Every structure is written in C-alpha cells, then in structure tokens.
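Comments concern the structure below.
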Amino acid sequence: MLPSEANPDLLVGMETHDDAGIYRISNDLALVQTVDFFTPILDDPNDFGQIAVANSLSDIYAMGGKPKTGLNIVGYPPDIIDKNTIAEILKGGYNKAKEAGVHILGGHSVKDPELKFGMAVTGLIHPDEIIHNSGAKVGDALILTKPLGTGILTTALKNEQLSHDLLSLVSSVMKRLNRAASESMKKFDAHACTDITGYGLLGHLFEMVQASGVSARVFSAKVPLLPGALDFSKKKQLPGGLKDNQEYLQKQVRKKSPIDENLLNILFDPQTSGGLLISISSEQAQSLLRELGNDHNDYAIVGEITTREEFPVEIV
Ligand code: CO
Ligand code: CO
Ligand code: CO
C-alpha cells in the first residue's frame, strides 16, 4: 500500500478504487489518467492493437472524460516476435486511438519474455462533471452497454473451438470504443459509472456498491450475452480469472433464486474491453437507453440499486 496523499487538487486518488486518477489543473479543467496493458488474447496483431487501446481508453470514458493523448507500452521477446508483428500491433493501436481523437505522443518498449501491449492515456474533464464509481443511489437502474462473455469466448479460441464467425463477432465487440456510450451518458445525470474488465460484471458492480454504500440486485435473465457464451461455459471453456472472481466474491454475492450455472459463470467472466455499467435514476434510464439507440441491440437494464443489505449483490 502506498501512503495516501492529501492535496485539494487530487480529485480522484487511489483510495476509492475508481477507474482513473483525476488531478485538477484549474477551476474548469482536470487531467484524467490511466494505464493498462496485457498479453495477446487473439492472434491477429492489428486486432490485438485495436482492442488493447479501446480497453485502455475505457477508464477515461467511464469517468466521463475525453481522452486526448496516449503513450504506447510494449514488451516483447525480440528473438521470437518479429518487427512486422510489433509494427502491426502499433498500427492497430494507432488507428483505434485516431478513431477516438487521441494523439499518440510516443511510448516505450522493453525486452520481455512475453509479448505485451497497452497504453497510458491522458484525458480532460471539467472538475464538476466527474462521474465517480461511488455515486450510485437507491432506486437507480443499472445499464450495461456491451454483452458479456469475452473471457469465455477467447478461452474457447485458445483451445481452438471458436468458429471464425464468433471470433470476428467477439473481436468487433472488444474493438468497439465506449465513447458513444460515454457521450450519451453525459447528456443525462448519471450517478455512477465504471467499465467492466477483469473482475467481471459482478466484481465491478461489487466495487461500485461498496464505494456507494448501497446494495444491488442483478436481473440475470436481462444481461446481454455474446452468442456462444452459454454453450462454451457448458463446455467448460472457463478462463482462470473467472474462478478467481468467483472465489473473491463468494461472500459478497447471493443467489435469490436458482440460476443456471452457465449463466452465473458469465456474470463472473473477466472481460477485455467490456462495456460501461451506468447507475442512473430509473426515470432517466429509459431516455438514456433510447439515446444509446439499438444499433447493437446489446444495451440493457441489468439490475437496480437497493438499500444496503447483508449481501452487497443479489442475483435474481
Ligand atoms: Co475501469
Ligand atoms: Co484499467
Ligand atoms: Co469512475
């Protein structure tokens, strides 16, 4: 644990486990900063580059910020991975950053026994417009903006069980920026937001309700799922992180009714470049859903915020 710092300009520090750090530089401007990098989850280097950058930008979008600049982070074994592969990863990352209006200012690479890529991102936000993970209010609806199951599907890919069609689908979902979802959210009075990544829907929801001093109920039948996710769960294509999440959350999550084991697995599934989870009044939730549109057909109200109960998260 690092010592905490008391500084009035440090608007979001490490204490609240929010998505990104925020530092005020003037009354109407603050920096939003985050970093993420990981090992390839699929074979196509260009797709991997795009996904890694879309994933890195998500923390900025979850806070309501506008990402502006990025620095590449690369680790690779030069004797195994050739220069063209790295160039292709960087090109994918560059194009995704460009799509987001983010300028890449440079970066750094190191020799590493395992290939890794990601980005340190800086964004801007008005200090009054920060959307914390700690503002969820009783009665709020919870909106999720991408379907779940990327961990399970990429595990099936690793085990050579994923069809070409499902690979291109899961890849396109991971490549999709959360920018549109974030911009739509900012037109309303969202109370809290976080992006869904390694801790899965239930893990990130748990962090949100802990920070907000409330509980949540998840409507398991309403959660948007990637095609194939239930099937591959049945076939035990479960990433290691899924079990870790289940163990970590064992005492925090209660099933109110019997729930299909494979559906439950997906709620714990670690996501790469997952969607935003937005807590917003139930009146505004319908308007936000309309604003998000249904071009992807995978935005949904997946739960609600309740008063603090014995279990932080209940699944029905
Ligand atoms: Co995050
Ligand atoms: Co992150
Ligand atoms: Co946040």
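Counting starts at 1 for both ligands and their atoms, in listed order. Predicted, not measured: the structure shown is a model, and the values here were computed from it.
For D195, the N, O or S atom closest to the Co ion (ligand 1) goes by the atom name OD1. For D59, the N/O/S atom at the shortest distance from the Co ion (ligand 1) is named OD1. Taking the N/O/S atoms of D19 in turn, the shortest distance to the Co ion (ligand 1) belongs to OD1.
Counting all heavy atoms, side chain and backbone alike, S26 lies closest to R24 at O-CG, 3.0 Å. Of all heavy-atom pairs between A285 and I301, the closest is CB-CD1, 4.0 Å.
Side-chain contact annotation: T150 with Q271, donor-acceptor N/O pair under 3.5 Å present. Remark: the R176 side chain and the Q50 side chain contain no N/O donor-acceptor pair separated by less than 3.5 Å.
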